[in-house]
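Sequential numbering from 1 along the given sequence is applied to the chain's residues. Both ligands and their constituent atoms are indexed starting at 1 by order of listing.
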Amino acid sequence: MDHFLYRNGILHAEDVPLPEIISQVGSPVYVYSTATLLRHFLLFDEALSWGPHLVCYAMKAASNQAILKTLAKAGAGMDVVSGGEYARAKAAGVPGDRIVFSGVGKTRAEIRTALEGGIRQFNIESEPEMEVISEVAVTLGVTAPVTIRVNPDVDAKTHAKIATGKSENKFGIPIARAREVYARAAELPGLKVIGIDVHIGSQLTDLEPFRLAYRKVAELTHALRVDGHTIERLDLGGGLGIPYTRSNEAPPLPTDYGQMIREELGDLGCEIEIEPGRLIAGNAGILVSQVIYLKHGEGRDFLILDAAMNDLIRPAMYDAHHDIVPVIEPVPGGEQRTYDIVGPVCESGDTFAKGRTMPQVNPSELVAFRSAGAYGAVMSSEYNTRALVPEVLVNGDQFAVIRRRPSFEEIINRDTLPEWL
Ligand SMILES: *Cc1c(COP(=O)(O)O)cnc(C)c1O
């Protein structure tokens with residue numbers, strides 16, 4: 001469920017009609033709903049309320065500080081994957097002891113920054129990284145709380161580019177070697193091992209792969225405890241999928257997910273951490289765009305929008321489907337058309353949908369890409385020297401620009417010319 005509904009024939013974000021936002025901010029623009037963000041966070045929080053837990057929002061899904069602050073004020077922690085994200089989380093007011101640091105390539109500088117600024121834990125992804133974190137911690141005279149990310153070798157049954165839990169993926173250490181790696185971690189003076197981490201992929205629409213992975217984590221917890229390690233926290237990653245179409249596709253709900261976690265891991269006496277990103281932000285954001293032209297091609301009609309792959313890359317990168325709906329509510333039984341929906345960028349890959357049947361729309365009318373809140377604005381670029389797409393946050397009947405559209409001057413002046421030119 002989200003808060004983007006037609007009211008009086010106009011698509012609204014909560015209580016704000018979208019044309020009102022466009023008239024002030026222009027198009028294209030991402031629009032997020034505070035109520036949806038909070039609802040999704042609270043569903044997870046509630047689903048784990050049977051025991052000690054922390055929901056750490058995977059902020060790479062949508063990392064605007066206004067979004068982070070909205071969630072942090074409701075009690076969320078953050079999962080960060082770079083020094084930049086760490087700085088952003090801190091700037092949004094998230095305390096260090098609610099930030100977990102994931103990612104396969106943490107640099108010394110990033111590790112130092114996090115240790116100095118405060119960190120809940122590092123999720124270690126390799127043995128070389130383990131040695132470096134210990135070294136940096138010793139230099140700073142502190143100990144780093146860590147979990148080690150294990151790769152359980154389960155098939156997440158999702159798109160290949162977002163599967164992370166098979167042995168062929170670059171993430172984590174093979175679970176079969178975990179006891180050996182934990183033994184080494186225990187010897188390192190800068191580390192305090194507190195638990196286990198796992199994250200098997202994104203947009204999972206079935207609980208079974210999670211269940212298989214978590215069962216392996218439970219077994220490993222017992223084995224590591226026998227080896228004398230303290231395992232008090234289990235970070236179970238993110239990855240729960242969302243419905244991208246209004247049809248019958250119905251991924252499991254956070255409640256079912258929380259219940260399954262309880263079944264598999266509830267008796268271990270561990271604090272549970274999860275890192276959902278997409279499920280919190282995905283359906284909490286839409287991308288609004290204006291139709292520029294309708295072009296009749298050979299055997300097909302192209303709907304050319306002012307949004308492009310640089311604003312929303314998911315269709316080009318993951319073959320992703322987004323429902324695209326008119327902002328003015330179509331009359332029931334009205335004219336349907338079939339379009340190839342494209343952007344203005346000079347790439348054939350700049351295609352949002354092929355042969356999409358939808359209500360007829362005309363040039364200058366607005367359309368909205370649903371479920372665009374996660375991995376949308378964060379993956380935008382200025383390719384073709386198109387301005388970085390702005391973002392707006394709605395809260396009830398209020399809205400605010402949370403990232404403004406830069407002027408061409410700002411974009412162009414970021415280049416510097418060498419003196420020989
Ligand atoms: C991307 C990522 C997540 C979030 O995944 P979603 O599918 O957006 O929930 C969580 N943890 C880690 C380590 C990730 O890389």
Ligand 1 to Glu275, heavy atom cutoff 4.0 Å, flagged ligand atoms 3 (C), 4 (C), 9 (O), 10 (C), 11 (N), 12 (C), 13 (C)

Grab the two heavy atoms, one from Leu37 and one from Leu71, that are nearest each other, plus how far apart they are.
-> O-CD2, 3.7 Å

What do you reckon, does Val81 put a non-hydrogen atom under 4.0 Å from ligand 1?
-> no

If you look at every heavy atom in Ser289 and Ala307, which pair is closest and at what distance?
-> OG-N, 3.1 Å

Quick one: which ligand 1 atoms are inside 4.0 Å of a heavy atom on Arg278?
-> 6 (P), 8 (O), 9 (O)

Pull out every atom of ligand 1 sitting under 4.0 Å from any heavy atom of Asp79, numbered as shown with elements.
-> 10 (C), 11 (N), 12 (C), 13 (C)

For Ser202, counting its heavy atoms only, list the atoms of ligand 1 lying under 4.0 Å from any of them.
-> 6 (P), 7 (O), 8 (O)

Measuring from Met78:CE to Tyr57:OH, what's the distance to the nearest 0.5 Å?
-> 7.5 Å

Side-chain H-bond candidate by donor/acceptor type, Glu273 with Gln121, under 3.5 Å | yes

If you measure every N/O of Gly239 against every N/O of ligand 1, is any gap under 3.5 Å?
-> yes

Nearest candidate to atom 3 (C) of ligand 1, where distance is taken over non-hydrogen atoms, out of Arg149, Lys60, Met59 = Lys60

Could you give me the CA-CA distance, side-chain angles and deciding distance for Tyr244 and His322, then say whether ring-ring contact (aromatic ring centres under 6.0 Å, His included) is met?
-> CA-CA 6 Å; Tyr244 276 99; His322 285 274; 5.5 Å; yes

If we only count N/O pairs under 3.5 Å, is Tyr375 in contact with ligand 1?
-> yes

Taking the inter-plane angle between the rings of Tyr30 and Tyr32 on a 0 to 90° scale, is it parallel (under 30°), tilted (30 to 60°) or perpendicular (over 60°)?
-> parallel

So CZ of Arg88 and CD1 of Ile67: to nearest 0.5 Å the spacing works out to 10.0 Å

Give yes or no for whether the N/O distance cutoff of 3.5 Å, strictly under, is met between Gly277 and ligand 1.
-> yes

Measure the distances from the heavy atoms of Pro276 to every atom of ligand 1 and state whether one is below 4.0 angstrom.
-> yes

Check ligand 1 against Ala58 and write out every atom of the ligand that is under 4.0 Å from a heavy-atom position of the residue.
-> 3 (C), 4 (C), 10 (C)

Give me the ring orientation class for Phe101 and Tyr86: parallel if the planes are under 30° apart, tilted from 30 to 60°, perpendicular past 60°.
-> parallel

